[in-house]
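So the structure is just underneath, and the comments pick up after that.
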2 protein chains.
Amino acid sequence: MTIASRRKKQPERVRRTLLDCAAHLALEQGLTAVTVQAVCEAAGVTKGGLFHHFASKQALIDAVVAELLEKLDADIEAAMSADPKPWGRFTRAYVNVTVDDLMLNRSSQWTALYISSLTEPSLRRVTAQWFAKFVERHRATDDDPTLEIVRLAADGVWLAALLREDGGPMPDLPALRERLLAMTLTS
Amino acid sequence: MTIASRRKKQPERVRRTLLDCAAHLALEQGLTAVTVQAVCEAAGVTKGGLFHHFASKQALIDAVVAELLEKLDADIEAAMSADPKPWGRFTRAYVNVTVDDLMLNRSSQWTALYISSLTEPSLRRVTAQWFAKFVERHRATDDDPTLEIVRLAADGVWLAALLREDGGPMPDLPALRERLLAMTLTS
DNA sequence: TGAAAGATACCAATCAGTCGGTATCTTTCG
DNA sequence: CGAAAGATACCGACTGATTGGTATCTTTCA
């Protein structure tokens, strides 16, 4: 660490590092371990530095979750616009984004944080409204019992991914994706 | 009223109260709010009293989760023994127990704690092995892609239940149960 | 220069946990 | 029986470490 020693000051990079370290800590050691001191230490910044970027610890955590939801938002929107068939479009996008993220292992840290956020009531409220927004918006094309089951199964995959590294059972993701997608075509 | 309730000191009852209060706190205010002091206050016991029953805060939390998993274990076992058809028996039991618990609202506190436990790595390990044990044990009757989707959907229902009280979307549980159970009959 | 970025030092509050003491219950034994 | 002896249950003040947060100083950079 201690990247910003000799080099130019890179405030935006420091901010990013703080967000990443907070997310990583939540994954590795649980939300309880996300203390200001721990985040600073991991990011190679002192507390003064952190509080320069974030008004409070809560602001930091809120920012992490907000970023996560924005990322999911964008990914889903992108997946939807590449899908010509209206019926079940949102559900397919939801499945694809979920499985893609878990397969590429690109943002497994986000995955864990997403679940973690559900335990803290303040963050839970944000996530609940994010969910409600999507379901409401796509009621015309995705309001169907079978599609709901597909989305619930995708949610279950998030949980399975959390348990994966601790010896939990992990489904065959590509095969699972195919099956879930197939379920969205036959109504 | 039993004889024990007339005694002045009721250690077993105090122990129960501590466990319940810890679980309730985790639900209402998140795992972060589960401090020794808060649990003592809620239970009407001093810190000395709590540490008489539990060697550490972690031991208290571990006990809560262990009790939860034992309860789930018993419920699933009971549901399975009432199911004559071998194929998908475990999966049906899993669905029924999940939906029953959420519908009766009997153990919504357990629900939240169950999810919360996934964020703390130590508890996550316990839960992961609990899961793996079940999947392994019923491989002969429940190792099937469709059944796996059903179980994943049931897991998703836990998440949905968590978000329910914060404005999240909640499925029609009885209808959902029927559909999931139906999926376990046709292979 | 002057504003942004970050370091250092410090604070009150709170954390998990300890410890000596007391009240209550159970067991032992005359 | 009944009282002494010992174990269990519980209290509440205390501790050292850590918490999130602030005030102040120094460095960096345009």
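From a predicted model like this one, the values you see are computed outputs, not experimental measurements. Just so we're on the same page: letters track the sequence lines, and every chain starts at 1.
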What nucleotide, of D:dG21, C:dC15, D:dC10, holds the atom closest to the side chain of B:Thr35? C:dC15
Whole angstrom value for the distance that separates C1' of D:dT19 from CD of A:Gln58: 15 Å
Protein-nucleotide distance (A:Glu41, atom CD; C:dT8, atom P), rounded to Å: 13 Å
In this structure, how many angstroms lie between the P atom of D:dA9 and the CG atom of B:Leu18, rounded? 13 Å
Of B:Thr46 and A:Phe51, the one whose nearest nucleotide on DNA chain D sits closer to the 5' end is B:Thr46
Residue-phosphate contact under 4.0 Å: B:His53 side-chain N/O, D:dC10 OP1/OP2: yes
Do A:Val126 and A:Val135 sit in one hydrophobic cluster, given that two such residues count as connected whenever their side-chain heavy atoms are within less than 4.5 Å of each other, even indirectly? no
Within this structure, what is the CZ-to-P distance between B:Phe54 and C:dT18, rounded to whole angstrom? 16 Å
More than 12 foreign heavy atoms under 6.0 Å from CD of B:Glu41: is that the case here? no
Answer yes or no: side-chain N or O of A:Lys47 and base N or O of D:dG20 forming a donor-acceptor pair under 3.5 Å. yes
Answer yes if the side chains of B:Arg89 and B:Thr141 hold a donor-acceptor pair under 3.5 Å, and no otherwise. no
Any idea how B:Phe131 and B:Tyr94 line up, ring-wise: parallel (<30°), tilted (30 to 60°), or perpendicular (>60°)? perpendicular
Could you tell me whether the side chains of B:Arg177 and B:Thr98 share a donor-acceptor contact shorter than 3.5 Å? no
Nearest to the side chain of B:Gln37, heavy atoms from C-beta on, is which of C:dG6, C:dG17, C:dC15? C:dC15
If you pin B:Gly44 and A:Val34 to their nearest nucleotides in DNA chain D, which one's is more 5'? B:Gly44
Take atom NZ of B:Lys57 and atom P of D:dA17, then tell me their distance rounded to the nearest Å. 19 Å
The nucleotide from C:dG17, D:dC10, D:dG20 with an atom nearest the side chain of A:Val36 is D:dG20
CG of A:Leu25 versus P of D:dT19: gap in Å, rounded? 11 Å
Rounding to a whole Å, what distance do you find between A:Ile61:CD1 and D:dG20:C1'? 11 Å
By nearest atom, which of the nucleotides D:dA9, C:dA7, D:dG12 is closest to the B:Pro11 side chain? D:dA9
Expressed as a whole number of angstroms, how long is the span from A:Leu31:CG to D:dT19:P? 15 Å
Minimum-distance nucleotide to B:His52 side chain [options: C:dA4, D:dG21, D:dC10]: D:dC10
